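Since this is a predicted model, take the numbers as computed values, not measurements. No hydrogens, no waters, no symmetry mates; every other heavy atom, side chains included, goes into these values. Proteins come first, then strands; the chains are lettered A, B, ... in the order of their sequence lines, and each starts at number 1.
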There are 2 protein chains.
Amino acid sequence: MANKVTLKQIAQEVGLSPSSVSLVLNNRPCRISEENRKLIKEVAARNHYVPNQIARSLVMRESRTLGLIVPNIESRFFASLAGSLEKRCREDGYALFITSSGGSADDDLELLRQLVTRGVDGVFLVVGDEFSDDRALREEVSHLPIPAVMVDRAIEGLECDKVMFDHEMGGYMATRYLIEQGHRRIACLVNARRSNTGRKRLAGYERALREVGLPIDARLEFESEYYIPSAYEASEAVLATDATAVFASSDNIALGLLKRLHEMGKSIPGDISVVSYDNSAADVLFEPALTAIEQDPGVLAEHAFGCMSKRLAGRGGRRAEEVVLEPALIVKGSVLELTECS
Amino acid sequence: MANKVTLKQIAQEVGLSPSSVSLVLNNRPCRISEENRKLIKEVAARNHYVPNQIARSLVMRESRTLGLIVPNIESRFFASLAGSLEKRCREDGYALFITSSGGSADDDLELLRQLVTRGVDGVFLVVGDEFSDDRALREEVSHLPIPAVMVDRAIEGLECDKVMFDHEMGGYMATRYLIEQGHRRIACLVNARRSNTGRKRLAGYERALREVGLPIDARLEFESEYYIPSAYEASEAVLATDATAVFASSDNIALGLLKRLHEMGKSIPGDISVVSYDNSAADVLFEPALTAIEQDPGVLAEHAFGCMSKRLAGRGGRRAEEVVLEPALIVKGSVLELTECS
DNA sequence: ATGAAAGCGCTAACAG
DNA sequence: CTGTTAGCGCTTTCAT
């Protein structure tokens, strides 16, 4: 293991002052002789000199590092978001500190502090628990000494930049599409109890029904957490109804439903139609591929970075910005067009 | 956006010296009066004081931060590894800087520098390209001023701690199991061209055949990259052989194969038996679940952290440590027992 | 064309 | 019980 070599040491070896070395190594406009420039660079390279960004941040008061907190890096959607965001940050010379909370507000708070303390210039926050009453997190966020951008999910009523897809619209689009294909008995499987996004998707579902005068039937609304086993459990009841179609409001929920369908030997869309929510995992496997509401993580990342960029450049407005993105309905083959009406 | 508040400011407000405040806020054993302690803590809290870890690292010469480089955070296996490792680090008070390279040696090098420069105390490296001839990366790794642990994959011949599952053994176990179940014509689908892990798994496959005197038939060995579409393509040829079983040597490879099987209306294990490699994704969906070689990312994380810990504590030996873990064969339901022999 | 000096926010002796 | 001092590695102004 080599030793850490410092600017001073390089300076000594070259026989110049640290300032000169600093100037040259940072390619600053300055009048150091071509000869010495070369020498400095050569010595630095030979010694495997790596500038101490820590020291540098301290004096420059910026680290060119951003932080990201996701509830669970093992979820495909967040992993993909993290990947996109990192790429985007790197393009602008920022490193991204990706962290994964356990999904609790406590963890979020802890990680947030960790990041701030480590001198990130800004933080992207995908909160784990939108309904947390933990005032500590809200407090922390609103007193942050650096810009924060909430991504995908938001704590309501918190003055802070936000970038997310329109979940209500997603629920609406999915349901609307099923209606247009002739479905009248449409079940939905949502996480409305514990998730704000779930509630919004449910609201969209109901709006679509209401809009065409279809009844909102509580017996067709099913609850599931964002985990496959939970959806698998709930699906039995869903499939016991007379619904001809179901709106599965998350990727994992769709997977649980699919597993149950597969097990019961039911086929899609022959026996039942399904609209899923950004379900890249299942798409790979299933034939026909699933018609779904898609939220491109790359787009989310792009806008999130945009907000952050503005703030970092001091071009952010006084008020928080709120970016709402339209999801897309991607029609594939999991919905049957019904010609007869019920 | 609140301002950053410093120790000095707190000290001023309290009317004590920065050192006293530092002592108290770090809970150091010292003789500050109970009264003043309380006062300091109260003022710090009221002002949302967050210690500047950057400044602290500079003087303490450690950041209690570790770095992780994975080729692709969007891969389930790496995401899971990252998740486990982060949890493990956090348990010991370390933050983990997760970064995702594009899979090239250039990126690895760049990220490695980024991490070192930002003062991580050590780095976990899952290299993107094991066959890179880029001497720059090897050079960099061997001149690192901090401990490095290579995880899951390794650049051969590099003196550096390594922790990984025994890929050769995995290939062997999978094939051996198929043989024991009565299979004689066993195809394999591996990434031997571009991946060292692939080569080792192939070697294990061949060893198992050789061991029982079965011929090694090049017409049963198929090449696929670690991507679903690649495996999907390759699978057509695999299924055109007279093989009764196939060893799919990675999760994505198994998924591509499954997709093709599903499309052709072939069933598992009725038409063909499959042994897969740590395939949590497909498991969720398929009935029967896939018999597979499993590499627990949590175990990998645990050992990697162990190595790192030792180095950080200065308890590492002079020579690099190499930990090789045994994968496990998890028998589920995708292999048919053949009673007649061919 | 180059160097000296100050200081970023913090900690660690040591001196009161 | 508490304050002073020095210094971590770097950048930056200002002298020379």
Rounded to whole Å, the CD1-C1' distance (I40(B) to dT2(D)) equals 10 Å
Separation of dG9(D) atom C1' from R61(A) atom CZ, nearest Å, is 16 Å
- Task: On the 0 to 90° scale, with breaks at 30° and 60°, tag the F97(B)-F97(A) ring pair as parallel, tilted or perpendicular.
- Result: parallel
For this session: Ignoring hydrogens and angles, state whether a donor on the side chain of R118(B) or T65(A) is under 3.5 Å from an acceptor on the partner side chain.
Result: yes
Check your understanding: So, D108(A) side chain and G128(A) main chain: donor-acceptor pair closer than 3.5 Å or not?
Key -> yes
Sorted by number, residues from residues 22-29 of chain B placing a heavy atom under 4.0 Å from DNA chain C are S22(B), N26(B), R28(B)
OP1, OP2 of dT2(D) versus side-chain N and O of N36(B): anything below 4.0 Å? yes
Charged N to carboxylate O below 4.0 Å: is that the case for D121(B) and R64(B)?
no
Here the distance between atom P of dG9(D) and atom CD1 of I54(A), to the nearest Å, is 12 Å
Q: Would you indicate whether R46(B), at its atom CZ, is surrounded by more than 12 heavy atoms from other residues, nucleotides or ligands within a distance under 6.0 Å?
A: yes
Testing dC8(D), dT12(D), dG3(D) for proximity to the side chain of S19(B), the answer is dG3(D)
Just checking, any donor-acceptor pair under 3.5 angstrom between side chains of Q114(B) and E110(B)? yes
Closest of dT4(D), dT11(D), dG9(D) to the L7(A) side chain is dT11(D)
Discussion item. Do the side chains of E74(B) and R76(A) get close enough for a salt bridge, i.e. N-O under 4.0 angstrom?
Written reply: no
Geometric class of the Y94(A)/F305(A) ring pair [parallel <30°, tilted 30-60°, perpendicular >60°]
perpendicular
So K41(A) and N36(A), side-chain hydrogen bond (donor to acceptor under 3.5 Å, both in side chains) or not? Walk me through it. CA-CA 8 Å; K41(A) 292 201 168 170; N36(A) 281 339; over 6 Å; no
When G15(B) and L58(B) are each assigned the nearest nucleotide of DNA chain D, the 5'-most assignment goes to G15(B)
Chain A reaches DNA chain C, atoms under 4.0 Å from its heavy atoms, from dA1(C) to dG9(C)
In whole angstroms, the gap separating C1' of dC8(D) from CZ of R56(A) amounts to 17 Å
